[in-house]
Amino acid sequence: MSTKIIQIEQLEVQTLLDRFTGIENQLKEIRETIKPNADPDNEYLTRKDIATKFNIAIMTVHYWSRKGILKAYKVGHRVYYKKNEIDQALVKMRSIKG
């Protein structure tokens with residue numbers, strides 16, 4: 001494992017600390033902005049959550065996503081679904097079948 005050495009010249013310690021504090025504050029603002037809403041209808045669920053809730057296989061959830069029945073939201077390598085959209089999709093599927 002190699003080590004990188006970063007040399008900062010002509011920068012006072014306090015200035016560097018102020019910049020880091022500014023970055024931390026910006027990150028806090030971003031986290032607050034993307035924080036899921038406390039509204040239970042806007043809750044995000046994982047594939048596993050959906051599979052457990054409806055007693056179906058995870059591959060079924062994946063299949064429904066590919067077919068466009070459920071809309072997936074990717075965050076990094078994770079996939080989430082909005083609870084209210086799942087409920088709407090299930091109501092729509094029931095009305096088509098019955």
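In this structure, the side-chain contact (heavy atoms from CB on, under 4.5 Å) partners of T52, at least two apart in sequence or on a different chain, are K48. Under the side chain to side chain donor-acceptor pair (under 3.5 Å) criterion, T46 pairs with D49, sequence neighbours left out. For D18, the side-chain contact (heavy atoms from CB on, under 4.5 Å) test picks out Q14, with sequence neighbours left out.
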* Asked: Can you check side chain to side chain contact (heavy atoms under 4.5 Å, CB included) on K82 and Y44, steps first, answer last?
  -> CA-CA 5 Å; K82 289 185 179 179; Y44 287 87; 3.2 Å; yes
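The NZ atom of K74 lies 13.0 Å from the OH atom of Y80; values are rounded to the nearest 0.5 Å.
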Atom pairs and distances, side-chain donor-acceptor, residues 20-27, under 3.5 Å, sequence neighbours left out:
residue: T21; atom: OG1; partner: L17; partner atom: O; Å: 2.9
residue: N25; atom: ND2; partner: T21; partner atom: O; Å: 3.4

Would you tabulate the side-chain donor-acceptor contacts of residues 55-71 under 3.5 Å, counting partners in other chains and residues two or more places apart, or write 'none'?
residue: S65; atom: OG; partner: V61; partner atom: O; Å: 3.1
residue: S65; atom: OG; partner: Y81; partner atom: OH; Å: 2.5

